[in-house]
Each structure stands twice: as structure tokens, then as C-alpha cells.
Amino acid sequence: MKQQTLHEIFGNYIKQQSIFKNKDVLSHSYIPDITLHRDNQITQLASILSPALKGNKISNLFIYGKTGSGKTLVTKYVASELEKQSNKIKTFYLNCKMKRVADTEYRLIAELSRMLGCSIPPTGLPTDEIYRKFYEAIDLEEKNIILILDEIDALVKKIGDDVIYNLTRINQELKKAKISFIGISNDITFTETLDPRVRSSLSEEEILFPPYNATQLKDILTQRTKEAFAEGTLESTVIPKCAALAAQEHGDARKALDLLRLAAEIAEREGSTKICLDHVDKAEDKLDTDKTVELVKTQPKQSLAVLSATINLVERGQQNIQTGDIFEVYQEICKRGGLKILTQRRISDLISEFDMLGIINTRVISKGRYGRTREIRLPLSKPLIEKIKKVLAENYIL
DNA sequence: GTCAATTCACATGAAAGAGACCACGGTCTAGTG
DNA sequence: CTAGACCGTGGTCTCTTTCATGTGAATTGACGA
């Protein structure tokens, strides 16, 4: 019986004509031939990088703009075109936000060295040894190396700006090669937090990527849908809707593409041959939920206990939840679950981590005579909370 | 009524410890010719 | 003689604790009008 239905599902799937013509076009990593509405930035970037073609060192460059504004796309594109022009130019791209790649100074340098082709053990060597190997690897040939550090703000937040300072000074030690940096950040205020020395050497040039507006997003989506979908699968209102939703969120092209892809997937799963508004709504819902649930799943037990305490308090209907309240409930949860109880200091950090992840909202408030604390709110919808509770239950914390 | 001092309940920072992981070099051991 | 197992040393990484310092407005209490 069960096998019968499975058979049907697979059978139907094969029979069904796919909505997608080429799904990859909608993925983040896809680089289209023509990047729309970024001519200005491409020209700027190209003119800053072009001295490399004559073997000169280019200025270090700092690029900023919100997520999904095309920074990475444009930079990668221009870099690869540049590389094609001259074999003396090598560009490397590193996303600093990737876990286990740039968590520490050691790992960052080790990863960079690996890109340059030397093999570095994941741990066990002194850091200055790694630096030495890194220098050697760079200076092997007479090359102009351009290092693109994406999400550089995450890097600095984790390990401080010393590394950047060290990196920008490498050139003085190099005999043959030259190295330049392109830092990409979506935090516009980021450079202000840097050490002035680092700031001046890192951002000799700057390029700003403004967010896309709804019309521009529409163009981008239209461009991609031509390749991604078979003709006539889109209802005419779908693209404007996706564009509008993404434009609300600081013009995030990535989100627009995600929405469209997910809407199409949902439509396909429902057996529909057309993508309509309803699918977009569902996609938006799912996009938010999935992101949060996945995030929660990756959290360690202690953090889950803290989250559980928060949900517990919210469901009891308590107003103005404070760090102290959470700590009390958390202790109970630990006792029941046989978990080690961490100090309030640590819990305070865990709470602010959740805040950064956007799972909870916190605000530091001073209540005068009655102290200073964080006021914590849970901005999640009921169904989402239920899903999170399921995750907690799976981890035996509830 | 005004104004400075006090006070609370944490926030935030810095340093340091514990326990995990890993590389490396030296030593030991068993197997081979 | 040699390959592989094993061990000690020295390094990093992550999570955590401990200790110290900071913070901002409600409250308090002294003071003067």
C-alpha cells in the first residue's frame, strides 16, 4: 500500500512538466552575464583595479552596502574578468562568515595559505609559523594578488583588527609579489569602529552599493526568470510582488530570488503549472520560518535551555522579561534536565547572542533605582514558537 | 522645588582555566629479509 | 632494518568562570526659597 503511493508520487513527479527550465539561475552563486543596475559600481571598481594590469599595486578597497545589493556578485565578476586579462594577476575570494574558516587569526591565515596552495594543519602550529608560511607562499612568484575578504565585519568582530593591520602591512616584507585587499561589508558603520591606522590602510578607496529599489528588483527578477522558467509559468503579478516584498527589506535581491525560487518549488509540489500570488505568500512564510528553525537546531544545549526559559516566560504571559527572570527559569530547566548550570554572566552572553541572531529582541534599559537590565521580547509568531518547541523537545529540553 | 548623591541589577570587559584537539619528534615494538 | 604504534610536549580553540568595572535613571535626602 505504502509502496503503491510512493510509486505514484515518483510517477507523477516524472510525468509532471517541471516549472523550472534552469533552477541554478535563481541560486545565490549564479553569476549572470549582465548585471543590471550596477554599471556605475562596475566602472568604478574596474578603474580602481586596472592598474594591476600594468603590474602596479592597486589601492586597497572597501566596499559596503546592504545584503543582496550585488556587492559580492559584482566584485567576483570584475575580479574574474581581470584575471582573464593577465596571468600575473591572481584573485582569491574568502567569505569570512563561513564557520570554521575565519573564527580565529590562525584559521584565517591557514585558510589563506591553503588557497595559495600550501598545506597547513588545522591546528598545532604556532601562529607566527603560519604567518611565515603564508609570506613564503605569496612571495613565491612575481604576481599581483588580490584578496577579497567578504563579510569582513564578521571577521573583525570575532578576532579584532590586528589581523587586518598585519595583512595590510605584508607588502613591506614581500620582494616579488604584491598583495592588495578588497574588504566587503554590509555594515556601513563598520569602518568607524576600526583602529584609525587600519581604517586608512584598508579603505584607500571606497565604493558604496545602494540598495535596489522595487523597479530595479523587478528588472533583475525578469531577467532571471527568462532563463529559469519555461514560458507562461508565471502569473504577471508574481514578480512585482516578490520585488515589493524584497524592497521592503532594504532592497535585498537575494531575498527576492529566494522568494521566487521557493514559490516555484511550492507551486511545483502542489502540482500547479503556474506560479501565482498565493505561492509567493506561502514562500515568504516558509522562508522566515525555515531560517529560524534551522538556526535554532544548530544551537548548543545550553543555549536551547536559555531559549526554552524565554519561551516559557512568554507563554506564562509575563511582561517585561529580564535577564534575572530568565536565569531563574533556566536554572529550573537545568535541574530537571540534568544540565550543568552556568553562571549568570554566561547566560547574559547567550541572551545577547540570540539577540544578534534575531531570534529574540533585547533592549538594555535602566529602571532607575531598580537597576539596569535587558528587557527581552520574543518577536516570533505562534506557529513558529510551536516549531521551535518541537526542536527543544527533540533535544529533551522542555 | 532643586540638585547632587545613592542605589540597584545587571551590562560589559578582561583575564585566566579546563578540556578538547592536533602536529611533531622521539622512542618502542613487531615483522621482514 | 623499517614501518607503524605510542607517548610526551607544545601549540591552538572553545566554552566557561572569576573578578572588576561601568551604567543610567528612579529615589532619597539635604538644602534653600
Side-chain angles (χ1 to χ4, degrees), chain A residues 94-114 117-137 153-164 166-167 189 192-195 295-310 313 318-335 337-378 395 397:
Chain A
L94 180 70
N95 189 332
C96 304
K97 219 175 186 174
M98 290 220 302
K99 276 257 164 186
R100 311 233 133 230
V101 166
D103 289 0
T104 65
E105 185 174 7
Y106 182 101
R107 282 193 186 148
L108 175 74
I109 305 298
E111 185 61 29
L112 294 178
S113 310
R114 259 178 236 130
C118 37
S119 63
I120 301 271
T123 168
L125 294 182
T127 308
D128 43 344
E129 177 75 14
I130 299 291
Y131 265 106
R132 207 180 46 74
K133 283 196 174 180
F134 179 53
Y135 288 154
E136 274 175 16
D153 45 337
L155 175 74
V156 172
K157 208 178 231 168
K158 274 238 167 84
I159 49 183
D161 47 16
D162 291 357
V163 195
I164 314 278
N166 289 340
L167 284 177
T189 59
E192 288 166 22
T193 61
L194 286 175
D195 187 300
L295 211 57
V296 170
K297 273 187 188 163
T298 59
Q299 296 302 311
K301 280 207 166 173
Q302 289 289 353
S303 300
L304 291 181
V306 173
L307 187 60
S308 173
T310 317
L313 283 165
Q318 178 162 349
Q319 301 291 311
N320 306 331
I321 302 170
Q322 302 173 12
T323 307
D325 302 333
I326 291 192
F327 186 58
E328 270 175 37
V329 180
Y330 157 81
Q331 279 175 307
E332 279 172 35
I333 291 173
C334 283
K335 269 183 213 155
L339 237 59
K340 196 184 153 203
I341 298 174
L342 303 180
T343 51
Q344 183 157 346
R345 174 72 187 82
R346 181 72 188 128
I347 301 308
S348 174
D349 278 347
L350 291 181
I351 291 173
S352 63
E353 272 170 33
F354 273 126
D355 183 31
M356 281 206 292
L357 292 173
I359 294 178
I360 60 177
N361 281 344
T362 73
R363 199 161 53 106
V364 178
I365 51 161
S366 182
K367 301 195 299 162
R369 188 77 205 264
Y370 305 106
R372 201 173 127 87
T373 182
R374 270 204 188 84
E375 202 174 81
I376 296 143
R377 279 178 305 128
L378 205 58
N395 285 280
I397 301 167

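It should be emphasised that the depicted structure is a prediction, and the values quoted were computed from it without experimental measurement. In what follows, chains carry the letters A, B, and so on, assigned in the order in which the sequence lines appear, proteins first and then strands, with residues in each chain numbered from 1. Reckoned from all heavy atoms, side chains included, excluding hydrogens, waters and symmetry mates.
- The nearest whole Å value for the distance from the CD atom in A:Gln344 to the P atom in C:dT18 is 13 Å.
- To the nearest angstrom, P of C:dT16 lies 13 Å from CZ of A:Phe327.
- For A:Glu136, the salt bridge (Lys or Arg N to Asp or Glu O under 4.0 Å) test picks out A:Arg132, with sequence neighbours left out.
- Under the 30°/60° scheme for interplanar angles, the aromatic rings of A:Tyr135 and A:Tyr131 are found to be tilted.
- For the pairing with A:Ile321, the side chain to side chain contact (heavy atoms under 4.5 Å, CB included) check across A:Val329, A:Leu378, A:Ile326 returns one residue only, A:Ile326.
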Identify each atom pair where a protein N or O and an N or O of nucleotides 20-22 of chain C are less than 3.5 Å apart, giving names and distance.
none

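- Note on A:Tyr370: every side-chain N or O is 4.0 Å or more away from OP1 and OP2 of B:dT7.
- In this structure, A:Arg346 places its CZ atom 16 Å from P of B:dA14, rounding to the nearest Å.
- A:Ile365 places its CD1 atom 13 Å from the P atom of B:dA9, with the value rounded to the nearest Å.
- In terms of heavy-atom proximity, A:Ser303 sits nearest to A:Phe354 at O-CE1, 3.2 Å.
- In this structure, the separation between CG on A:Leu313 and CG on A:Asn320 is 12.0 Å, given to the nearest 0.5 Å.
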Quiz: residues 358-372 of chain A side-chain donor-acceptor pairs under 3.5 angstrom, not counting sequence neighbours:
unit_1: A:Thr362; atom_1: OG1; unit_2: A:Asp355; atom_2: OD2; d: 2.9
unit_1: A:Arg363; atom_1: NH2; unit_2: A:Glu375; atom_2: OE1; d: 3.2

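- The stretch residues 318-326 of chain A touches DNA chain B through A:Gln322, A:Thr323, A:Gly324, each having a heavy atom within less than 4.0 Å of the strand.
- For the pair A:Arg107 CZ and B:dC22 P, the interatomic distance rounds to 11 Å; values are reported in whole Å.
- Under the side chain to side chain contact (heavy atoms under 4.5 Å, CB included) test applied with A:Leu357, the options A:Val296, A:Thr298, A:Leu295 reduce to a single match, A:Leu295.
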Show every donor-acceptor pair shorter than 3.5 Å between a side-chain atom in residues 337-352 of chain A and any protein atom, with sequence neighbours excluded, or say none if there are none.
unit_1: A:Arg345; atom_1: NH1; unit_2: A:Asp349; atom_2: OD1; d: 3.0
unit_1: A:Arg345; atom_1: NH1; unit_2: A:Asp349; atom_2: OD2; d: 3.2
unit_1: A:Ser348; atom_1: OG; unit_2: A:Arg374; atom_2: NH1; d: 3.4
unit_1: A:Ser352; atom_1: OG; unit_2: A:Asp349; atom_2: O; d: 2.9

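- Atoms CG and CG, on A:Leu108 and A:Leu167 in that order, are 6.0 Å from each other to the nearest 0.5 Å.
- Rounding to the nearest 0.5 Å gives a distance of 9.0 Å between CD of A:Glu111 and OG of A:Ser113.
- The nearest whole Å value for the distance from the CD1 atom in A:Ile347 to the C1' atom in B:dT12 is 16 Å.
- Contacts of A:Ile341 with the nucleic acid, taken as non-hydrogen atoms under 4.0 Å apart, involve only primed sugar atoms and P, OP1 or OP2.
- Relative to the side chain of A:Val364, the nucleotides C:dT27, C:dT16, B:dT12 differ in distance, and B:dT12 lies closest.
- For A:Arg374, counting side-chain heavy atoms from C-beta on, the closest listed nucleotide (C:dG24, B:dA11, C:dT12) is B:dA11.
- Of the inter-residue distances, the one linking A:Cys334 atom SG with A:Lys301 atom NZ reads 11.0 Å to the nearest 0.5 angstrom.
- What separates CG of A:Leu339 from C1' of C:dT16 is a distance of 14 Å, to the nearest Å.
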Is there a side-chain contact (heavy atoms from CB on, under 4.5 Å) between A:Asp325 and A:Gln318 once you walk through the steps? CA-CA 10 Å; A:Asp325 302 333; A:Gln318 178 162 349; 3.1 Å; yes
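- One interatomic measurement links the two molecules: CD of A:Gln299 to P of C:dC15, which rounds to 10 Å at whole-angstrom precision.
- OP1 or OP2 of B:dA11 has at least one side-chain nitrogen or oxygen of A:Ser348 nearer than 4.0 Å.
- Listed by residue number, the members of residues 349-357 of chain A with any heavy atom below 4.0 angstrom from DNA chain C form an empty set.
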